[in-house]
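What follows is a set of notes on a single structure, which appears directly below.
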Protein chains: 2
Amino acid sequence: MKILIIEDEQEIAQSIADYFKTNGIQCETAGNYALALNKINNYDYDCILLDLMLPDGDGFDILKELKSKNKTEGVIIISAKETLDTRIEGFNLGADDFLTKPFHLSELLVRMQALIRRKNFQGSNSIVFNEITIDIFSKTVSVNNQKLDLTKKEIDLLLFLIGNNKKVLSKGAIAEHLSGDMADMLDNHDFIYAHIKNLKKKLHAAGSGDYIKTIYGLGYKWENE
Amino acid sequence: MKILIIEDEQEIAQSIADYFKTNGIQCETAGNYALALNKINNYDYDCILLDLMLPDGDGFDILKELKSKNKTEGVIIISAKETLDTRIEGFNLGADDFLTKPFHLSELLVRMQALIRRKNFQGSNSIVFNEITIDIFSKTVSVNNQKLDLTKKEIDLLLFLIGNNKKVLSKGAIAEHLSGDMADMLDNHDFIYAHIKNLKKKLHAAGSGDYIKTIYGLGYKWENE
DNA sequence: TTTTGAATTAATTCTGAATTAACATTAAAA
DNA sequence: TTTTAATGTTAATTCAGAATTAATTCAAAA
């Protein structure tokens, strides 16, 4: 078993490598974006540990590269700051696990072993909120195990709301997220109403709770009632 | 800071509680599955210590319950027998740390503090004034943990007053702040009366103190009585 | 088929005006 | 000097209409 550690802090990379080696796992390290890309494209690994903040690039880009090349390595993101949003972005890009610094090496080892086992069993990764389950890989949403037929934007909206659990999101912020670009505040954001309504309707029809709250004058938020 | 210790061996639970209390951490204990479930569903804790083997149930089920209800408490599993399998299952179910008995209380304390630090770092941003808490992200105001339903202007006014704690704010200044534009001093500012009154009413109804003082002829100020 | 913009309707919040109450100032009376 | 009454100013309260924001509907665009 061989893993690649993409991490610019030499000390951290080395201590992970040492710990893994004593546990019978071969390791290679890449301290920057360019080197990491090179290694990924020329060698195969069982698992990749990926730090998001690199001196010469974004860890997410490496993830994109991996997926675009249809590489099958499992990826565990290790990041200093974890928000549910970055977690979801990570999962959306195909990461398998997410670990926040500082972490215990034993935990990393266990998770990595769990990941490799999961890979072998073709397990799926999902986000669960009460009766709602969102499968990150298949992009399917189900309520009480009943599959929902949501459009792309509806899933995107749902993830954005859940990912910012309890935080109020303005119409402008939602519009920007859904449309992708830096929609300026002068734009027409009325289409948000349609998406909110449709998503609410579908969730409700499937028997889900009313988690999308309207905060009059401020926006919307997702909240367990 | 308050934690819940779920552990059936009374002696162990007590010694943990004692140790933590001398370190300024409040503790509650639950000696069995049923009691633990009850406490979890009715109170909020900063962290939960979870023994896996309980006389009337499985600790993992408590973990599942926590996650399905989207509780955000950190969970440290303490278990007598650690196999890689139970570790993996624990992490997969969302535990944050895993400690094998016997352990040093000092280690438990350090890990718990690390966990809480990690949680708080990504935690919500809030302003607290005695019994009043204003969460900036969720745009919610609560008094003694009871949520208030304030309008945009009311929240705005509350923040303006608290933010200028003890400073007298003229009606004109408040009007300018609330309306956003450079309202000239000739404008009618009577609407301020309504907002002040509504805000006072809602805060008072929720059991808050009367912090909004009228300074006759000058304006209003926020002050701890 | 899905997404978006426009038009319409509904709901909520804000604000100005009117009324009433509280306070401050002044001046006359005790 | 102190009290009281008269007067004017400021604040509290109330409420209806104005303004804003959201929901809904539908048709056009992607």
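Chain identifiers are assigned alphabetically (A, B, ...) following the order of the sequence lines, protein sequences preceding nucleic acid strands; residue numbering begins at 1 within each chain.
- Distance Phe191(A) CZ to dT21(D) P: 18 Å, rounded to the nearest Å.
- Note on Thr151(A): every side-chain N or O is 4.0 Å or more away from OP1 and OP2 of dT1(C).
- Scanning atom types as modelled, one donor and one acceptor separated by under 3.5 angstrom connect the side chain of Tyr216(A) and the base of dT21(D).
- Atom CG in Leu218(B) sits about 8 Å away from atom P in dA11(D), given to the nearest Å.
- We find that CG of Asp156(A) is positioned 11 Å from P of dT4(C), with the value rounded to whole Å.
- Atom pair Ile192(A):CD1 and dA6(C):C1' shows a separation of 16 Å (rounding to whole Å applied).
- We find that CG of Leu199(B) is positioned 15 Å from P of dT15(C), with the value rounded to whole Å.
- Between Lys64(A) and Asp61(A) there is a salt bridge, since at least one side-chain N of the basic residue sits less than 4.0 Å from a carboxylate O of the acidic one.
- Across the protein-nucleic acid pair, Asp190(A) atom CG and dA7(C) atom C1' stand 10 Å apart, rounded to whole Å.
- Using a 4.0 Å heavy-atom criterion, one finds that Lys201(B) contacts no nucleic acid atom at all.
- An OP1 or OP2 oxygen of dA17(C) is reached within less than 4.0 angstrom by a side-chain nitrogen or oxygen of Asn188(B).
- Pairs engaging residues 196-206 of chain B under the side-chain hydrogen bond (donor to acceptor under 3.5 Å, both in side chains) rule: Glu154(B)-Lys202(B) [sequence neighbours left out].
- Put simply, the side chain of Asn188(A) gets close to the backbone of Asp190(A): a donor and an acceptor are under 3.5 Å apart.
- Residue Lys197(B) places at least one side-chain N or O under 4.0 Å from the OP1 or OP2 atom of dT14(D).
- A close approach under 4.0 Å does not occur between any side-chain nitrogen or oxygen of Thr214(B) and OP1 or OP2 of dT10(D).
- For CG of Asn145(A), the number of neighbouring non-hydrogen atoms (other residues, nucleotides, ligands) closer than 6.0 Å is 12 at most.
- For the side chain to side chain donor-acceptor pair (under 3.5 Å) criterion with Tyr45(A), the lone passing option out of Glu73(A), Lys39(A), Glu28(A) is Glu28(A).
- Distances shorter than 4.0 Å separate some side-chain N or O of Lys153(B) from OP1 or OP2 on dT15(C).
- A donor and an acceptor atom never sit less than 3.5 Å apart when one is taken from the side chain of Tyr193(A) and the other from the base of dT24(D).
- At whole-Å resolution of the value, CG in Leu157(B) and C1' in dT15(C) are 14 Å apart.
- Considering only side-chain N and O atoms, Lys152(B) lies nowhere under 4.0 angstrom from the phosphate OP1 or OP2 of dT12(C).
- Computed from coordinates, the Lys200(B) NZ to dT13(D) P distance equals 7 Å when rounded to whole Å.
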